[in-house]
There are 2 protein chains.
Amino acid sequence: MPPRTLCPVTSNGELVKLETVYRPLADSVRRLIDATIRTQVDAATLTAAKEKIDRATEKLSAELMPGSFGVRQTGDGQSMAWGNVVIGLRNPVAPPLAINHEANGLVWTEFTLGAAYEGPPGHVHGGVCAMVLDHVLGATAHKPGRPAVTGTLSVRYLRGTPLGPLRAEAHVERVEGVKTFASGHIADAQGITVRAEGVFLHPRES
Amino acid sequence: MPPRTLCPVTSNGELVKLETVYRPLADSVRRLIDATIRTQVDAATLTAAKEKIDRATEKLSAELMPGSFGVRQTGDGQSMAWGNVVIGLRNPVAPPLAINHEANGLVWTEFTLGAAYEGPPGHVHGGVCAMVLDHVLGATAHKPGRPAVTGTLSVRYLRGTPLGPLRAEAHVERVEGVKTFASGHIADAQGITVRAEGVFLHPRES
């Protein structure tokens, strides 16, 4: 069980920066990741590109927060998981997923996974499917300011999930005390590729 | 089930490039990802860094392979999953994990996960734990040139996995025809944080 969430309040200045610079910066790094995997340029060009990247990193590193981003709160109490590996707008590893909550409890997201998420050739890594499903199923148990943590997750792979546009969805099967039982799947245009069931917990307030 | 692996043979020139430029390039992008998440520099510096990144991407994109990296073979038949999201040396999203196979069948890896893999504050995202375990358990069923794909994966979270140095290991419980039953875990210095069991399949040759 992780320790209680630390929630420093994020200033309006940071929120403005998110829209005007952090989000475009992370998107730029996402494009760079894709090009790094797929480039076929010669060694001299690779080295020249690396120098530019190192200079960018140097600029950004002039002032770094210690550790990791964590989860912060805006002035109006919304939690901002900008560093999250699945949904974090400032984390270039995150696709990032935009999670939608319907009034009936359905959680869904539509997203595209490219070369950076590959396992079997042309296909999403089975572990990435598990990661997406962990997050989407967990989101059914989400309460503002009190994210759920995973107790157990079971994933069943029906067929390979092709790289490209995908949809994941999940719903709550039942709630027992601090436990939320959820199920869901990932699908491509031809139908479901992976199913999952999970139990998610709200750490008791201490 | 994914289609049969396509294995274009990788030239010696590409292998030399891996060591001298691809690996250092991907490592540079990994440092950039971390700085992108943790930077606290002002908006003007962020914008200047983004310009450098975009120029690097432009250079690398002058010649891109279509689609994704896939899995290739070297002249001596070793498979090179350089684009793989977990172990790919050319994929900046991959930590990357270096997988060790012991003579007794044990598979293990030691690795460090930083800010880019965060879920709960200061902790590895549960989905990343599932991703790592999917790969490490699957590696117990690996045969040269015939990677296994996941049939089912069940993950049980004992406590939060802190960001930092970690170890994952797995072993085969039993083999039944094309199915390999494996189990394993992730541990930090204080012990096991997550356990997993999985069934992995070797697609039949068609």
Side-chain angles (χ1 to χ4, degrees), chain A residues 1-2 5-6 17 21 25 28-29 31-33 35-41 43 45-46 49-50 52-57 59-65 68-71 83 85 90-93 115-118 120-121 123 125-127 130-131 134-135 150 152-157 159-160, chain B residues 1-2 5-6 21 25 28-29 31-33 35-41 43 45-46 49-50 52-57 59-65 68-71 83 85 90-93 115-118 120-121 123 125-127 130-131 134-135 150 152-157 159-160 163:
Chain A
M1 217 60 61
T5 305
L6 298 173
K17 257 187 176 173
V21 282
L25 174 66
S28 279
V29 180
R31 285 189 293 272
L32 174 64
I33 290 168
T36 298
I37 298 167
R38 295 170 56 219
T39 188
Q40 300 186 114
V41 298
T45 310
L46 289 168
K50 179 179 181 302
K52 288 196 188 302
I53 294 162
D54 289 342
R55 282 207 292 275
T57 303
K59 278 183 180 294
L60 297 175
S61 302
E63 200 185 336
L64 290 178
M65 64 186 77
S68 57
F69 188 87
V71 176
V85 63
R90 275 189 64 172
N91 186 343
V93 171
Y117 303 96
E118 190 176 42
H123 288 74
H125 193 292
M131 177 174 77
D134 174 68
H135 196 97
T150 316
T152 61
L153 181 73
S154 296
V155 189
R156 187 167 136 75
Y157 298 80
R159 60 182 169 91
Chain B
M1 215 60 58
T5 305
L6 297 174
V21 282
L25 174 66
S28 278
V29 180
R31 285 190 292 272
L32 174 64
I33 290 168
T36 298
I37 298 167
R38 296 169 56 217
T39 189
Q40 300 186 114
V41 298
T45 310
L46 289 167
K50 179 179 181 302
K52 288 195 187 302
I53 294 161
D54 289 343
R55 282 207 293 276
T57 303
K59 279 183 179 294
L60 297 175
S61 302
E63 198 185 338
L64 290 178
M65 64 187 77
S68 57
F69 188 87
V71 177
V85 64
R90 275 189 63 173
N91 186 343
V93 171
Y117 303 96
E118 190 175 43
H123 288 73
H125 193 292
M131 178 174 75
D134 174 68
H135 196 97
T150 316
T152 61
L153 180 74
S154 295
V155 189
R156 188 167 136 73
Y157 298 80
R159 61 183 168 90
L163 294 174

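Bear in mind the structure is a predicted one, so any value in this text is a computation, not a measurement. Every chain is numbered from 1, with letters handed out A, B, ... down the list of sequences.
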d(A:Thr45 OG1, B:Leu60 CG) to nearest 0.5 Å is 8.5 Å
Sorted by chain and number, sequence neighbours left out, side chain to side chain contact (heavy atoms under 4.5 Å, CB included) with B:Ser154 holds for A:Ser154
One should read off an interatomic distance between B:Glu63 CD and A:Thr39 OG1, to the nearest 0.5 angstrom, of 7.5 Å
Where is the tightest heavy-atom contact between B:Ile37 and A:Met65, given as atom of each residue plus distance?
O-CE, 3.8 Å
Measuring from atom NE2 of B:His125 to atom CG of A:Asp134, what distance do you get when rounded to the nearest 0.5 angstrom?
5.5 Å
Can you tell me how far OG of B:Ser28 sits from CG of A:Leu46, rounded to the nearest 0.5 angstrom?
11.5 Å
Below 4.5 Å from any heavy atom of chain A, which atoms of B:Leu163 appear? Answer side chain, backbone, both or neither.
side chain
On a heavy-atom basis, the closest approach of A:Asn91 and B:Ala116 is ND2-O, 2.9 Å
Segment of A:Val21 engaging chain B (4.5 angstrom heavy-atom cut-off):
side chain
Here the gap from A:Gln40 atom CD to B:Leu64 atom CG, rounded to the nearest 0.5 Å, amounts to 7.5 Å
Between A:Val155 and B:Thr150, is there a side-chain heavy-atom distance shorter than 4.5 Å?
no
Of all heavy-atom pairs linking A:Lys17 and B:Val41, the shortest is NZ-O, 2.9 Å
For B:Lys50, what residues pass the salt bridge (charged side-chain N to carboxylate O under 4.0 Å, His left out) criterion, not counting sequence neighbours?
B:Asp54
Highest number of heavy-atom pairs under 4.5 Å with chain A: which of B:Ala130, B:Ala115, B:Ser68?
B:Ser68
